[in-house]
There are 2 protein chains.
Amino acid sequence: MARTAGRPTRSKAEIQEFRSKIGKHALEIYRLEGFGAVSMRRLAKEVGCAPMTIYAHFEGKTDILRFLWADVLGDMSNDIEKKLKSVVGARERLRAAAQTFVDYWIDHPDHFRLVFMSNNVTRADVSTFIMDEDTLAHFLMFSGLIQQVLPDELENKVRTDTLISGMIGIALCTNTIPDYPWADGTSMTEQLLSSIIA
Amino acid sequence: MARTAGRPTRSKAEIQEFRSKIGKHALEIYRLEGFGAVSMRRLAKEVGCAPMTIYAHFEGKTDILRFLWADVLGDMSNDIEKKLKSVVGARERLRAAAQTFVDYWIDHPDHFRLVFMSNNVTRADVSTFIMDEDTLAHFLMFSGLIQQVLPDELENKVRTDTLISGMIGIALCTNTIPDYPWADGTSMTEQLLSSIIA
DNA sequence: TTAATATTTGGCACGCGTTCTATATTATTA
DNA sequence: TAATAATATAGAACGCGTGCCAAATATTAA
């Protein structure tokens, strides 16, 4: 305990505040000028601090991207919720959600790249994605929808995870390997669904 | 026709030779020191030419990565072929191939990143992947395996593409979103397969 | 040989992520 | 107020991908 002299450590609140300020500006730049414009130097200039200060609050650029991910995932989630408002029936709701999910990423390749392909080449061992509670909720929604279709099924986790990763895979392939004549996203999603709600 | 004076354009063979020389060195650096070590400047030094000369033969770095992709895909393909030697029965062969495919990418995260996540941030519109015939063959192998299981099925293309993109999706998620407790790759692959050979 | 053309080269430049170092500023306790 | 510890800052540096440009070099037809 016994505090010695000197400036005290930043409080949690202060750290949080600074981080979200950076995040806010990152989002602003991203929305206005795209991902390419979001740079550490630019961000520092925008927020009015030295570039080095940012590194005192963030591990690196990847750490900042989380704010953009949250934004994009929220956007996608909105699409699905909007769609689901007019859809009834457990099977149809799952179907609609899955199709909207896949459509979103195919219609927004830049968003897909931002969320799923921000590679930190320098350290391959460190993972790109950090799941927070909000992000998690967007994925677990599918678990609920599947539960509606198959209430008694025990392996809902495997089903949910397979569906999610499968959908992301469809989006990935369509986005990054256009030279291969993929079947259209709708058909593939339908095929994928048939394994989940067989 | 009527050739005027002056140095003639590089022949196709010369271009090809230089390109493969660069590719060879890129592979060497990659295998010895990893992807991070493969840079344009380094490559030029290694091959003994000016950095700009490379740009006369390649569109950019992404254009060079194709050589690394081919290498990795060949490696993966070997794994599958080796595995298939001891497996009989159409269903089991498809199953084994799929599992080996997924396992490969999960066991080699760096290779996965190299092949499926080399993002060119600058131009989001330009695709990452370029399919050549060899690459194509690695993917179409699954089409053949599925045909063995379901000879009369018309929608083999949708089935093949869904399987491939689904498997890649499983690998992507496992590799890049480790904070989420994904079901294990084997289970998800099995679940995915159930839609293909239902 | 000379003239013409293709290619290669070196050098400079920009902005990038990131790290390092030294210095300044700030907020606290003694 | 003075000492102290945390933080912020400026500035340089490294290597990166990538463009631009003028000069050098290579290879051909006349």
Side-chain angles (χ1 to χ4, degrees), chain A residues 1-19 21-22 26 29-30 33-66 68 114 117-124 126 128, chain B residues 1-19 21-22 25-26 29-30 33-66 68 114 118-124 126 128:
Chain A
M1 294 298 118
R3 283 273 299 106
T4 51
R7 184 178 182 166
T9 310
R10 293 168 301 188
S11 73
K12 293 279 181 192
E14 282 169 328
I15 294 177
Q16 182 65 27
E17 189 184 357
F18 187 88
R19 282 180 64 90
K21 188 164 88 174
I22 294 284
I29 299 175
Y30 170 64
E33 307 179 41
F35 172 68
V38 181
S39 75
M40 301 300 269
R41 290 171 164 90
R42 168 75 185 277
L43 210 42
K45 193 178 295 178
E46 206 91 359
V47 85
C49 73
M52 289 314 302
T53 309
I54 300 182
Y55 279 91
H57 295 260
F58 291 90
E59 280 191 24
K61 195 180 179 182
T62 317
D63 201 12
I64 298 177
L65 296 186
R66 296 170 54 184
L68 309 189
L114 172 64
M117 296 177 66
S118 309
N119 61 342
N120 39 351
V121 185
T122 45
R123 292 187 291 170
V126 172
T128 300
Chain B
M1 292 297 117
R3 282 273 299 107
T4 52
R7 184 177 181 167
T9 309
R10 294 169 300 190
S11 74
K12 293 279 182 191
E14 282 168 329
I15 294 177
Q16 182 66 26
E17 190 184 357
F18 187 88
R19 283 179 63 90
K21 188 164 88 174
I22 294 284
H25 282 263
I29 300 175
Y30 170 65
E33 306 179 38
F35 172 69
V38 181
S39 76
M40 301 299 269
R41 288 171 164 89
R42 167 75 184 276
L43 211 41
K45 195 178 294 179
E46 206 91 359
V47 86
C49 74
M52 289 316 299
T53 309
I54 300 181
Y55 280 91
H57 295 261
F58 291 90
E59 281 191 23
K61 195 180 179 182
T62 316
D63 201 11
I64 298 178
L65 295 186
R66 295 170 56 184
L68 309 189
L114 172 63
S118 309
N119 61 342
N120 39 351
V121 185
T122 45
R123 294 185 290 170
V126 172
T128 300

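Every chain is numbered from 1, with letters handed out A, B, ... down the list of sequences. Nothing here was measured: the structure is a model prediction, and the numbers come from that model.
Interatomic distance, SG of Cys49(B) versus NE2 of His25(B), reported as 9.5 Å (0.5 Å rounding). With values rounded to the nearest 0.5 angstrom, Thr53(B) atom OG1 is found 11.5 Å from Leu43(B) atom CG.
Between Ala37(A) and Glu33(A), the shortest heavy-atom contact is CB-CB, 3.6 Å. Counting all heavy atoms, side chain and backbone alike, Phe35(B) lies closest to Leu114(B) at CD1-CD1, 3.5 Å. Considering all non-hydrogen atoms of both residues, Asp63(B) and Phe58(B) come closest at OD2-CA, 3.6 Å. Nearest heavy atoms, Ala50(B) versus Ala44(B): C-CB, 3.9 Å.
Residues Ile64(B) and Ile54(B) are in side-chain contact: their nearest non-hydrogen atoms beyond the backbone lie under 4.5 Å apart.
When rounded to the nearest whole Å, the span between CD1 of Ile54(A) and P of dT7(D) equals 17 Å. Between Glu46(B) atom CD and dC16(D) atom P there is a gap of 12 Å when expressed in whole angstrom units. Rounded to an integer number of Å, the gap from NZ of Lys45(B) to C1' of dC14(D) is 12 Å. Taking atom CD on Glu14(A) and atom C1' on dT26(C), their separation rounds to 11 Å, with Å as the unit. Rounded to whole angstrom, the span from the CG atom of Asp63(A) across to the P atom of dT18(C) amounts to 10 Å.
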Between the protein and nucleotides 8-11 of chain C, which nitrogen or oxygen pairs come in under 3.5 angstrom?
residue: dT8(C); atom: OP1; partner: His57(B); partner atom: NE2; Å: 3.4
residue: dT8(C); atom: OP2; partner: His57(B); partner atom: NE2; Å: 3.4
residue: dT9(C); atom: OP2; partner: Ala50(B); partner atom: N; Å: 3.3
residue: dT9(C); atom: OP2; partner: Thr53(B); partner atom: OG1; Å: 2.2

Pick out the pairs of N or O atoms, protein on one side and nucleotides 14-17 of chain C on the other, that lie under 3.5 Å.
residue: dC16(C); atom: OP1; partner: Ser39(A); partner atom: OG; Å: 2.9
residue: dG17(C); atom: OP1; partner: Met40(A); partner atom: N; Å: 3.2
residue: dG17(C); atom: OP1; partner: Lys61(A); partner atom: NZ; Å: 3.0
residue: dG17(C); atom: OP2; partner: Met40(A); partner atom: N; Å: 2.8
residue: dG17(C); atom: N7; partner: Arg41(A); partner atom: NH1; Å: 2.5
residue: dG17(C); atom: O6; partner: Arg41(A); partner atom: NH2; Å: 3.1

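Checked by atom type and distance alone, the side chain of Arg19(B) pairs as donor or acceptor with a backbone atom of His57(B) at under 3.5 Å.
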